[in-house]
> 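Dropping the structure in here first, questions after.
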Amino acid sequence: MRVHWPQSPVVASIATLTLLLAACAPAASPAPAPAAPAAPAAAPTPTPAILRPVPIAPTPAPAAAPATPTPSSAARRGGVLVAYTTDLGRTLDPAQESSAVNQPVFTSAFNRLTRIDASRLPRERVLIGDLAESWEAKAGGTEWTFKLRNGVAWSDGKPFSSADVKATLDRIMKPSGGIQPTFTSVLKVISSVDAPDARTVVIKTSKPAPWLGEVLMQPPASIVPAHIVAADQKALENKPVGTGAFVFKDWRKGVSVEWTRNDNYWNKPYPYLDGVKWVEIKEASTQFAAFRTGRVHFTGFATRGLEVSETRTLKKEMPDAHVSEYSSTSIWILWMNNKSGPFKDLRVRQAVARAVNQKEVIDIALEGAGFQSDYSGDISLAWALPKAEQDKIAAIRGPSDKDIAEAKALMKDAGYGNGLAVNWLLADRPVYASRYAVLSDQLNKIGIKTTAKTAAYPSEYVPALRDGKFDISDSAAVAAMYDPSALLDPWMKGGLENRSGFDDARIAELFDKQGSITDPVERKKLMDQAQLRLWEQAPSVPISIAKYYLALRPEVQGWTHPGVLRDNYMMETIWFKQ
């Protein structure tokens, strides 16, 4: 059953529009520079139940900049936090890393123009300044002026300025020197970036971009030093230089990445820790054992935080541990290769769409850790299809006998009346295996036999999926924001997350049209049309919106659980109770 929360799509969108119009008004006096998140409390605030987030409404400047924090009398300096991840990744250059598993490894070494106010998480998502102390939008949301804070330096001692922001965005939009930024398609709306003085950046867009502030808070938009990348575009891959709370110390590939405290960090009084160490642990059982015995203090994010069963164990064995569940802009998708093999045939894809049962996958494979979804993957429901339309979709309401009969007829018409054998690209992680077991059984009911081809995640699996070296597979697509311009990206030609290789002129037309207007009601209509077209073409099939779990040991204090993936990767406020 799809759970509906008290959030009207139109209300949420109108809130966004209202604040966009405010951004077009004459600029107010610059707001005070938002300082660090509020002083740490005695312990991270637990999240009793997952919250369905409201999309961030862009503001012309941080509306209520947090007051300068007063350090908690309980906060202690010192200690090295150890966190685990399944894979440390292949680069420490934030522009080139798209995996939510790998991004936390380096995010605290950098800053972005904006950030989510961690002191108000997880119940509120409020956008404030990071390296920008204020901003305003003009010309209907096509010209954004950011005022930068003074007194910020790079970890090598060089001063930070607007030239660094311009170099960062230019580098993403027009990559050179052999780098592969992940946000090139996301930021293609930017037409120019200018730095009229050391503390001012002016960004112009080719069409209204009310979501720009939310995109610029994401890890791939981390600001990098112009003086480093000008000499070598790949210099940050192995030895990053940032403005963040921690400074690079050492990377033992396949083992660990270590960071030390930045004593010159601009956001005083942080950080409290002497350092942070991320360790690579491949096996889920070994990860959990390391946490339970105290060898690590902080679990990983996203697909390898904790399983539902592990959270139950912790609640019994370690009741003082800070266990949290959080949502994301991630949607699990059953990808079919539209460019080669049997899934080029529309009839085969339509048959699969009739056979998939989302609720069964969530209940059995995910132990309830997920939400049913249409193609929007929008947990806020602002851009989701109306319930009346969702009730017509077999994958969401559950396939009937009629749906299965129609699927078999489509397979026969496509020439596969005697069955179809395909290879399934399978990541070597437990949650992938669990989903595969259920989904492969569902496809078997319409004559599709699958053979699992296991690949190491993410080192082997991600490149194979990205390069189209598969018949069928399932993985998450992560949108940069709760907006159609990002939510539809997995089905757009050239989209960062377009794993199926799908390209449809009608959907492209609807995508471009919704992105050129600001009326939320009209945008919603276009989004609905695009989604209905997607269900008709079935390039892939949505499985669920992801729900994730993470935990901190009882001695870890001062960190706020995110509520939404990527809202709080920063570790500057963490301290040890003992």
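Any value given below was found using the heavy atoms of this structure, including those in side chains, with hydrogens, waters and symmetry copies removed. All residue numbers in this chain count up from 1 along the given sequence.
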> Does a side-chain heavy-atom distance below 4.5 Å link Trp251 with Phe106?
no
> Should Ser162 and Thr200 count as side-chain neighbours, where that means a heavy-atom distance under 4.5 Å?
no
> Looking only at heavy atoms, which two atoms of Leu81 and Phe298 are closest? And how far apart?
CD2-CD1, 4.2 Å
> Using modelled atom types and a 3.5 Å cut-off, is there a donor and acceptor pairing between side-chain atoms of Asp164 and backbone atoms of Ala226?
yes
> Determine the sole option in Arg149, Arg199, Arg115 for which the salt bridge (charged side-chain N to carboxylate O under 4.0 Å, His left out) test with Glu133 is passed.
Arg199
> Return yes when atom CZ of Arg252 has more than 12 non-hydrogen atoms of other residues, nucleotides or ligands closer than 6.0 Å, and no otherwise.
no
> Quick one: side chain to side chain donor-acceptor pair (under 3.5 Å) pairs with a partner in residues 239-248, sequence neighbours left out?
Asn111-Thr243
> Please report the shortest heavy-atom distance between Ser330 and Ala476, naming the atom on each side.
CB-CB, 4.2 Å
> Just verifying a value: how many Å separate Trp259 CH2 and Trp278 CH2, rounded to the nearest 0.5 Å?
11.0 Å
> With a 4.5 Å limit on heavy-atom distance, are the side chains of Gln103 and Pro220 in contact?
yes
> Between Arg499 and Glu497, is the closest basic N to carboxylate O distance under 4.0 Å?
yes
> For atom NZ of Lys277, is the number of surrounding heavy atoms from other residues, nucleotides or ligands below 6.0 Å larger than 12?
no
> Grab the two heavy atoms, one from Phe146 and one from Thr114, that are nearest each other, plus how far apart they are.
CE2-CG2, 4.4 Å
> Tell me whether His297 contacts the main-chain N or O of Glu555 through its side chain, where contact means a donor paired with an acceptor under 3.5 Å.
no
> Does any part of the side chain of Arg553, heavy atoms only, come nearer than 4.5 Å to the side chain of Val296, both counted from C-beta?
no
> Thinking salt bridges, do Asp93 and Arg171 make one under a 4.0 Å N-O criterion?
yes
> Given side chains that start at C-beta, do those of Met318 and Pro554 come closer than 4.5 Å, heavy atoms only?
yes
> Taking the side chain as everything from C-beta on, heavy atoms only, tell me whether Leu552 gets closer than 4.5 Å to His561.
yes
> Given side chains that start at C-beta, do those of Val202 and Trp144 come closer than 4.5 Å, heavy atoms only?
no
> Return yes if a side-chain donor-acceptor contact under 3.5 Å exists between Lys282 and Thr86, otherwise no.
no
